[in-house]
Amino acid sequence: MDHFGFKQGEMYVEDLAIREIADQVGTPFYCYSTETLIRHYTVFCEAFIDHDFLLCYAVKANTNQAIIKTLAAQGSGADVVSEGELRRALKAGIPAQKIVYSGVAKTEREMTFALEQDIFQFNVESVPELEQLSRVADSMGKVAAIAFRINPDVDAKTHAKISTGKSENKFGVPWTSAREIYALAAKLPGIRVQGVDLHIGSQLTDLAPFAEAFQRIVSLIEDLRADGHDISVLDLGGGLGIPYDREVSKPPLPLEYGEMVTKIVGHLGCKIIIEPGRLLVGNAGVLVSKVIYVKEGENRKFLIIDAAMNDLVRPSMYDAYHEIVAVAESEPPVSGDAVANSVTYDVVGPVCETGDTFARDRQLPELKRGELVVIRSAGAYGAVMASTYNTRRLIPEVLVKGSNYAIIRPRPDYDDIIGLDKIPEWLD
Ligand SMILES: *Cc1c(COP(=O)(O)O)cnc(C)c1O
């Protein structure tokens, strides 16, 4: 559920008309809903109410300080994948003891910084990384609490670029050799084994791959305990998908996910960590854009909007579907159905790439220059993946709370972008 809806023929976010924000901020911009964020956080927590439980928001989905801070105020922890993200999480007020550090290749410098902060857990992804962490921790007189990220070799049945739990993916240690690797870790200085971790992919719309992977992990934990390891933490990763196309896709709800988890791993008595990213922020954000031109192609109509692939890369990178709706409309279109007075458009941006296409053959009400559209479900992996390609300025981010809004990242000036380049003395 989200707090973007239609009132009196136009789209609102919480108690504010999107058109009003657009008038003041200018387009394009990202717009997030506080209520939606909090709701998503709360439904996850309710699904795990019977467990010793920590939700570690995967901050890479949306690293804006105001977003992290909103979740931190609810009690959220963080899953980070770089020193930069660790710094962002700490700065937004997430205590180090609620932070887990994932990622295939933490560097010595990153390990040092994380050890200085005393984070809750390192999710280690290989033997060389383990040995490096042992050397760094031992030299600092510290002990790193670790889990290994186990690659359970299951097919997450999601897009190939966001599938991470098959044996051919670069992530984690193979579940078949996990016992030997834990035995090695137990002997190393500066290392304390405390848990098991996995993350099999993103935008999963079916519980079956999760269940299959978790079952493998349960038998592994039983083996590891028999081998004498004290396994008290089970980090199940993120990956639960969201309905990008609400008419077609109905991914499992957090409650159903929680029930499945309880059934499979509940008896282990572990502290359970989950690392959702997309599910918390995806549908809590939209991208608001304006029609620049309507162009008649030979046999198609192009709706050219002022947002582009550099602002939201998911359609061109992952072939992702995003609902697009007109802001001045009484009802959003139902995908697949013919809408009265509708026109079929290819919705594209101004960037010089054919891949700069948000949607093909999309039915929308007839739109004119200057009218607003909203690209839905853009809160996750949107702003964080933006670039300045074509020397376009990063677009602002706006956070709404009730009838208030704040610009949580302003639009930079052109000088801010061009001024980053430095001229060598021989050209001066
Ligand atoms: C990206 C990532 C997540 C979050 O995935 P979502 O699909 O956004 O929930 C969680 N854990 C790890 C290790 C990740 O890399």
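Ligands are counted one by one from 1 in listed order, and the atoms in each one are counted from 1 as well. Values below: all heavy atoms of this structure, side chains included; hydrogens, waters and symmetry mates excluded.
In terms of protein heavy-atom proximity, atom 2 (C) of ligand 1 is nearest to K60 NZ, 2.3 Å. With respect to atom 8 (O) of ligand 1, the closest heavy atom belonging to the protein is Y381 OH, 2.6 Å. With respect to atom 7 (O) of ligand 1, the closest heavy atom belonging to the protein is S202 OG, 2.3 Å.
Ring geometry, F210 versus F214: the interplanar angle falls from 30° to 60°, so the pair is classed tilted. Between Y101 and F122, the ring planes lie parallel to each other; the angle is under 30°, not in the 30° to 60° tilted range.
Any N or O atom pair closer than 3.5 Å counts here, and G277 shares at least one such pair with ligand 1. The N/O atoms of D79, backbone and side chain alike, include one that comes under 3.5 Å of an N/O atom in ligand 1. Between P276 and ligand 1, a contact under 3.5 Å exists for no N or O pair. Of the polar atoms of R278, at least one N or O is found under 3.5 Å from an N or O of ligand 1, judged by distance alone.
Side-chain contact check for Q121 and N123: at least one donor-acceptor pair (N or O, by modelled atom type) lies under 3.5 Å. A donor-acceptor contact under 3.5 angstrom links the side chains of D306 and S289, judged on distance only.
A donor-acceptor pair is defined here as one N or O able to donate and one able to accept, closer than 3.5 Å; such a pair exists between the side chain of T158 and the backbone of Q203.
Those atoms of ligand 1 with a heavy atom of A58 less than 4.0 angstrom away are 3 (C), 4 (C), 10 (C).
Between K106 and E129, at least one side-chain N (NZ, or NE/NH1/NH2) sits under 4.0 Å from a carboxylate O, which counts as a salt bridge. A salt bridge links E83 to R87: at least one charged side-chain nitrogen sits closer than 4.0 Å to a carboxylate oxygen.
Residue A380 places no heavy atom under 4.0 Å from ligand 1.
Here E275 has heavy atoms under 4.0 Å from ligand 1 in both its backbone and its side chain. Counting heavy atoms under 4.0 Å from ligand 1, residue S102 touches it through the side chain alone.
Listed by chain and number, the residues in a salt bridge (Lys or Arg N to Asp or Glu O under 4.0 Å) with D227 are R179 (sequence neighbours excluded).
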